[in-house]
2 protein chains.
Amino acid sequence: MEWQLHPKMNEKLYLKDPDQSEIGKKIVSNGTSLIRKIGYELFTFKKLAEDIGITEATIYRYFENKIKLLNYIVSWYWHWLDYQVMFNTNNLTDADKKIKVTIQILTWQLDINHTSQDINLEDLHEIIISESSKVYLTKNVSEDNKEQLFMPYKNLCSRISQIFIEYNPSYVYPRSLATTMIEMAHYQDFFMNNLPSLTDFGSEKNIKHVRNFLVDLIFSALEKKIS
Amino acid sequence: MEWQLHPKMNEKLYLKDPDQSEIGKKIVSNGTSLIRKIGYELFTFKKLAEDIGITEATIYRYFENKIKLLNYIVSWYWHWLDYQVMFNTNNLTDADKKIKVTIQILTWQLDINHTSQDINLEDLHEIIISESSKVYLTKNVSEDNKEQLFMPYKNLCSRISQIFIEYNPSYVYPRSLATTMIEMAHYQDFFMNNLPSLTDFGSEKNIKHVRNFLVDLIFSALEKKIS
DNA sequence: TTAATTATGATAGTAATACTATTATTTAAA
DNA sequence: TTTAAATAATAGTATTACTATCATAATTAA
């Protein structure tokens, strides 16, 4: 699988391709685990440099600032997820089954290849849940969007909305339903674990309830109405 | 209406009650418009102090740091929204109508009293859309939760879930559906205006489409299944 | 083969941010 | 009227987010 070696990252995300050197790879992989460990707000290039054993300035040669590094990591994940959805739904003929598989992937239920050469996918998943929205909830969103920084997320949204259309061609909100599904897969997980009274899964804290909620929500919305 | 004068704010949000002095009120009202204008990341106490004509240290007497001020502002909004939902659904007998009114309030469609003594509600609404999730998407979420900092949001969620139960007592995910509705009212608005291809409303950018999407989504989910 | 160029990383800064400690002034109480 | 308490201003410090310059290694050109 050629993709697994090199997901094509947007060149605007970095100054120097981190995939082309050992130090670059360390910046991304150690950066991922450090952001997961201490959170994006307390994360600094200085701490990461100390962790790797290099200097701050070296990191600045690869990434303009820490939001670009976060965006690189987040984009990497959306690329990976999009590939997983494509790969695991491709051979299915039933749109119903495709949707269920997609929800399983989003809620981390499918036992797919969770090992990657550099980046720890468990850390990555945690980062997506707690930090990913910070890359677009800024005053730069329009400029960043012009530079195509959010393409991987859009591609995933587009792929999922295509499956929805396949299931019910007359449904009018396939894209909004796709973003709802993606965002809620992560938000309900976060709420369940941190603010449980905002969900109905607080007593058990089992991700399978999030999955069941999503299945119920999405298929209810997509069901063809007889009116 | 006693509430309109003094929404009871959690005392852990401030060091000195900003509602008890003119300068305190200015910190909150000018803070709101400045955060809306430049965004939370670029917002600093120094800029706010200059804007008001006081010094940084004075603001630090009222608020520990800028995230507490944001949380104060966000909590104020959830208080206000909860009151609006309560007030505008109280006299209704039909749960169906209550849900529709709540969606109208969330999507800013109802022409309610949008003037407040101090805080500009238009600014506040923008802040909720772009910045509100930043108060809980942190490593402090559990500690902050123990100090009850998220009560106003939880109260709103609880009120809405009660309406859902009233509409369909057998629905099993009323709280998760309430958070989905609240979050999506804001996220779809943000996406529509900033990353339109993530929604189905990009061509028109009219909030009424978000409302229609939510009405469709929520009533589909709540509909009693005959199985 | 050697000099020149380029790439890479380290060192040493600066401006801004996020606070804190101390001092001055006003207000209120005894 | 003196004392105490509350409030705000001044003047700091440590950290963060970078930037400019320097040193060295690797690559290329003469």
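Note on naming: letters A, B, ... go to the chains in the order of the sequence lines (proteins, then strands), and numbering restarts at 1 for each one.
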Expressed in angstrom and rounded to an integer, what is the separation of [X] atom [atom1] from [N] atom [atom2]?
X       : N      : atom1 : atom2 : result
A:Leu48 : C:dG9  : CG    : P     : 14 Å
A:Leu15 : C:dG9  : CG    : P     : 13 Å
A:Glu22 : C:dT8  : CD    : P     : 13 Å
A:Lys26 : C:dG9  : NZ    : P     : 13 Å
B:Tyr40 : C:dA18 : OH    : C1'   : 11 Å
A:Lys46 : C:dG9  : NZ    : P     : 20 Å
B:Leu69 : C:dA18 : CG    : P     : 12 Å
A:Ile52 : C:dA10 : CD1   : P     : 11 Å

Quiz item: Which part of the nucleic acid does B:Thr44 contact within heavy-atom distance under 4.0 Å: base, sugar-phosphate only, or nothing?
Solution: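 Sugar-phosphate only.
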Practice problem: With heavy atoms under 4.0 Å as the rule, sort A:Lys16 into base, sugar-phosphate or nothing. | Solution: sugar-phosphate
Exercise. For atom NZ of B:Lys139, decide whether the heavy atoms of other residues, nucleotides or ligands shown that lie under 6.0 angstrom number more than 12.
Key: yes
Quiz prompt | B:Gln84 backbone acceptor or donor facing B:Asn88 side chain under 3.5 Å | solution = yes
Quiz item: Distance-only, no hydrogens or angles: does the B:Asn194 side chain make a donor-acceptor pair with backbone N or O of A:Val141 under 3.5 Å?
Solution: no
Self-check item: Opening and closing nucleotides of DNA chain D in contact with chain B, under 4.0 Å to non-hydrogen atoms
Solution: D:dT7 to D:dT10
Practice problem: Assess the side chains of A:Ser161 and A:Ser158: does a donor N or O sit below 3.5 Å from an acceptor N or O? | Solution: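 Side chains of A:Ser161 and A:Ser158: no pair found under 3.5 Å.
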Quiz item: Going by atom types only, do B:Asn30 and B:Asp51 share a side-chain donor-acceptor pair under 3.5 Å?
Solution: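 A pair is found: one side chain offers a donor N or O, the other an acceptor, under 3.5 Å apart.
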Practice problem: Name every residue in residues 56-64 of chain B that has at least one heavy atom under 4.0 Å from any atom of DNA chain D, in order of residue number, or write none if there are no such residues. | Solution: B:Ala57, B:Thr58, B:Arg61, B:Tyr62
Quiz prompt | Spatial distance of atom OG (A:Ser130) from atom OH (A:Tyr40) [nearest 0.5 Å] | solution =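 A:Ser130 OG to A:Tyr40 OH: 14.0 Å, rounded to 0.5 Å.
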Quiz prompt | B:Tyr14 ring center near B:Tyr62 ring center (under 6.0 Å) | solution =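 No, the ring centres sit 6.0 Å or more apart.
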Exercise. Report yes if the distance between the aromatic ring centroids of B:Phe191 and A:Tyr136 is under 6.0 Å, otherwise no.
Key: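 For B:Phe191 and A:Tyr136, the ring centres are under 6.0 Å apart.
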Practice problem: Take the angle between the ring planes of B:Trp78 and B:His186 and call it parallel below 30°, perpendicular above 60°, tilted in between. | Solution: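 Aromatic pair B:Trp78/B:His186 classed tilted.
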